[in-house]
Amino acid sequence: MFSKKNKMSKSNDVQQTAVNLICDGTSIKGDVQASRDIRIDGYLNGKMQVAGKVVVGNTGKIEGDIHCKTIDVSGKVEGNIIASEMVNLKASCIILGNITTAKIAVEPGAKFTGSCKMGENAPKKDVKEK
């Protein structure tokens with residue numbers, strides 16, 4: 001028989017590797033909050049607040065704003081993305097919204113319509129005086 005300490009340790013090990021998954025063919029309407037990583041291969045209509053990484057697969061579609069640490073997008077996002085560390089736009093992705101992040105990587109073929117602000121002190125356009 002395991003002691004209480006061993007049971008808790010074993011349970012925590014499982015939690016650390018757990019990834020939330022919304023499969024292809026699944027639709028969710030409403031806001032999602034997750035303290036772990038999440039992968040979307042289905043459809044989500046609502047805001048996302050994720051403490052870790054978000055992956056939007058080829059069949060994934062999100063209509064709503066996303067707040068996360070990092071995000072990889074292969075599918076479609078209609079909403080603003082705010083990632084504290086990194087945004088990866090894969091060749092098959094379609095983004096309709098603004099991006100705020102520290103770093104961004106864009107593969108050739110990615111489609112992005114919106115504005116992008118990088119870092120807290122993003123460079124500002126020079127204004128010429130007349």
Side-chain angles (χ1 to χ4, degrees):
M1 184 159 196
F2 292 106
S3 69
K4 223 178 199 184
K5 184 178 180 183
N6 286 343
K7 282 184 182 179
M8 290 179 70
S9 176
K10 214 170 184 58
S11 175
N12 288 343
D13 290 344
V14 172
Q15 288 296 323
Q16 290 174 356
T17 60
V19 175
N20 296 296
L21 176 62
I22 298 174
C23 298
D24 186 16
T26 302
S27 295
I28 295 178
K29 185 172 184 177
D31 297 345
V32 172
Q33 288 187 306
S35 60
R36 306 273 182 220
D37 298 347
I38 187 166
R39 180 179 176 96
I40 309 290
D41 288 313
Y43 171 75
L44 171 66
N45 184 330
K47 297 176 186 174
M48 288 187 73
Q49 183 79 35
V50 179
K53 182 177 184 176
V54 174
V55 176
V56 182
N58 287 334
T59 59
K61 181 177 179 183
I62 298 174
E63 291 182 13
D65 294 345
I66 302 168
H67 294 257
C68 60
K69 192 173 186 180
T70 63
I71 185 168
D72 290 352
V73 184
S74 296
K76 186 171 185 178
V77 174
E78 293 181 19
N80 299 320
I81 298 172
I82 299 169
S84 61
E85 290 184 8
M86 181 74 176
V87 172
N88 291 301
L89 303 182
K90 305 297 183 181
S92 58
C93 84
I94 299 172
I95 307 291
L96 303 171
N98 301 321
I99 296 174
T100 303
T101 187
K103 298 177 187 175
I104 189 168
V106 182
E107 290 183 359
K111 294 174 179 64
F112 168 49
T113 302
S115 65
C116 180
K117 179 180 177 185
M118 292 177 59
E120 290 181 29
N121 299 319
K124 293 188 169 111
K125 184 176 178 182
D126 289 335
V127 179
K128 294 181 182 179
E129 295 187 29
K130 293 182 179 183

S.K.: Mind checking what makes side-chain contact (heavy atoms from CB on, under 4.5 Å) contact with Ala34, not counting sequence neighbours?
M.R.: Asn20, Val50
S.K.: Give a yes or no on whether Ile95 and Met118 share a hydrophobic cluster (residues Ile, Leu, Val, Met, Phe, Trp, Tyr; joining criterion: side-chain heavy atoms under 4.5 Å apart).
M.R.: yes
S.K.: Taking side-chain hydrogen bond (donor to acceptor under 3.5 Å, both in side chains) as the cut-off, I'd like each qualifying pair that reaches into residues 57-70, sequence neighbours left out, listed once.
M.R.: Tyr43-Glu63, Asn58-Ser92, Lys61-Glu63
S.K.: Mind checking side-chain contact (heavy atoms from CB on, under 4.5 Å) for Ala91 and listing every partner two or more places apart, or none if nothing turns up?
M.R.: Glu107
S.K.: Would you mind telling me which of Ile71, Ile66, Val106 makes a side chain to side chain contact (heavy atoms under 4.5 Å, CB included) with Val87?
M.R.: Ile71
S.K.: When you group the ILVMFWY residues by side-chain heavy-atom contacts below 4.5 Å and let the links chain together, are Leu96 and Phe112 in the same group?
M.R.: no
S.K.: What residues, two or more places apart in sequence or in another chain, satisfy side-chain contact (heavy atoms from CB on, under 4.5 Å) together with Leu21?
M.R.: Cys23, Arg39, Asp41
S.K.: Any chance you could lay out the side chain to side chain contact (heavy atoms under 4.5 Å, CB included) test for Asp31 and Gln49, step after step, and finish with the verdict?
M.R.: CA-CA 8 Å; Asp31 297 345; Gln49 183 79 35; over 6 Å; no
S.K.: As a test of understanding, state which of Ile38, Val73, Ile81, Val77 forms a side chain to side chain contact (heavy atoms under 4.5 Å, CB included) with Val54.
M.R.: Ile38
S.K.: Do any N or O atoms from the side chain of Thr101 and from the backbone of Ala83 form a donor-acceptor pair under 3.5 angstrom?
M.R.: yes
S.K.: Over all heavy atoms of both residues, which pair between Ala51 and Ser35 is shortest? Give the atoms and the distance, please.
M.R.: CB-O, 3.7 Å
S.K.: Treat each ILVMFWY residue as a node, draw an edge where side-chain heavy atoms are under 4.5 Å apart, and state whether Ile40 and Val32 are in one component.
M.R.: yes
S.K.: Could you name each residue pair satisfying salt bridge (charged side-chain N to carboxylate O under 4.0 Å, His left out) that touches residues 44-56, not counting sequence neighbours?
M.R.: Lys53-Asp72
S.K.: Is there a chain of hydrophobic side chains (I, L, V, M, F, W, Y, each step under 4.5 Å between heavy atoms) that links Ile104 to Val56?
M.R.: yes
S.K.: Please report the shortest heavy-atom distance between Ile62 and Met48, naming the atom on each side.
M.R.: CD1-SD, 3.6 Å
S.K.: Could you tell me which non-hydrogen atom of Asp37 sits nearest to which non-hydrogen atom of Gly52, and how far apart they are?
M.R.: OD1-CA, 3.5 Å
S.K.: So, using side chain to side chain donor-acceptor pair (under 3.5 Å) as the criterion, who are the partners of Ser115 when residues are at least two apart?
M.R.: Asn98
